[in-house]
Amino acid sequence: MQLAGKPDEYLMGDVNLDGEITEEDSSLVMQISAGTASAMDLQRQLADLNEDGNITAVDARYVLQIIEGIRVQ
């Protein structure tokens, strides 16, 4: 996936752009998928972990799996 800016500056799943992937990122992905949080284009790209063009609960689950160490980003 081609991200805005330098690709190595961002972590897939780091939706709040704080440099870490945490439960807060998963929560934000859920909020974006539900339409209760807005997101910049970059955040939407980082939130779409399965790269299907949609932000859904599946992407939030992927973030949690990265945190748990059972999914590689």
Side-chain angles (χ1 to χ4, degrees):
M1 171 183 285
Q2 189 68 279
L3 299 176
K6 295 180 183 175
D8 60 344
E9 290 180 15
Y10 307 104
L11 297 170
M12 288 300 293
D14 180 20
V15 183
N16 66 0
L17 305 174
D18 68 354
E20 300 178 321
I21 300 173
T22 65
E23 289 85 1
E24 187 176 324
D25 295 297
S26 179
S27 177
L28 185 52
V29 172
M30 285 299 295
Q31 292 171 27
I32 293 167
S33 74
T36 59
S38 59
M40 298 179 298
D41 286 338
L42 173 59
Q43 289 173 299
R44 294 189 68 76
Q45 291 178 51
L46 295 172
D48 186 15
L49 280 106
N50 66 353
E51 299 181 348
D52 68 353
N54 299 302
I55 311 301
T56 67
V58 171
D59 298 298
R61 184 181 71 214
Y62 283 11
V63 172
L64 291 174
Q65 290 174 341
I66 290 169
I67 295 165
E68 293 170 1
I70 58 176
R71 178 173 294 278
V72 178
Q73 48 189 70

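Just so you know, residue 1 is the first one in the sequence shown, and it goes up from there.
- Expressed to the nearest 0.5 Å, how far CE of M30 lies from CD of E23 amounts to 14.5 Å.
- The minimum heavy-atom distance between I21 and D14, with the atom names listed, is CG1-N, 4.0 Å.
- Atom CD1 of I32 sits about 11.5 Å away from atom OG1 of T56, to the nearest 0.5 Å.
- Scanning all heavy atoms of the two residues, the minimum distance from L28 to A37 falls at CD1-CB, 4.0 Å.
- The backbone N or O of D59 lies less than 3.5 Å from no partner atom in the side chain of N50, so there is not a single donor-acceptor pair.
- Annotation: side chain of V58 is not in contact with side chain of D52 (no heavy-atom distance under 4.5 Å).
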**Study point:** Full working for side-chain contact (heavy atoms from CB on, under 4.5 Å) between L17 and L42
**Key:** CA-CA 9 Å; L17 305 174; L42 173 59; 4.1 Å; yes

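- We find the CE-CD distance between M12 and E51 to be 5.5 Å, quoted to the nearest 0.5 Å.
- Smallest separation of non-hydrogen atoms from G13 and L49: CA-CD1, 3.9 Å.
- With hydrogens and angles disregarded, a donor-acceptor distance shorter than 3.5 Å links the side chain of D25 to the backbone of T22.
- When only modelled atom types and interatomic distance are considered, S27 and Q31 share a side-chain donor-acceptor pair under 3.5 Å.
- Minimum interatomic distance between A39 and Q43 (heavy atoms only, all atoms of both residues): CA-OE1, 3.6 Å.
- Of all non-hydrogen atoms in A47 and V29, the two that sit nearest each other are CB-CG2, 4.0 Å.
- For the atom pair CZ (R61) and CD1 (I66), the distance works out to 12.0 Å, reported to the nearest 0.5 Å.
- Contact detail for N16 and E24: the closest heavy-atom pair is ND2-OE2, 3.0 Å.
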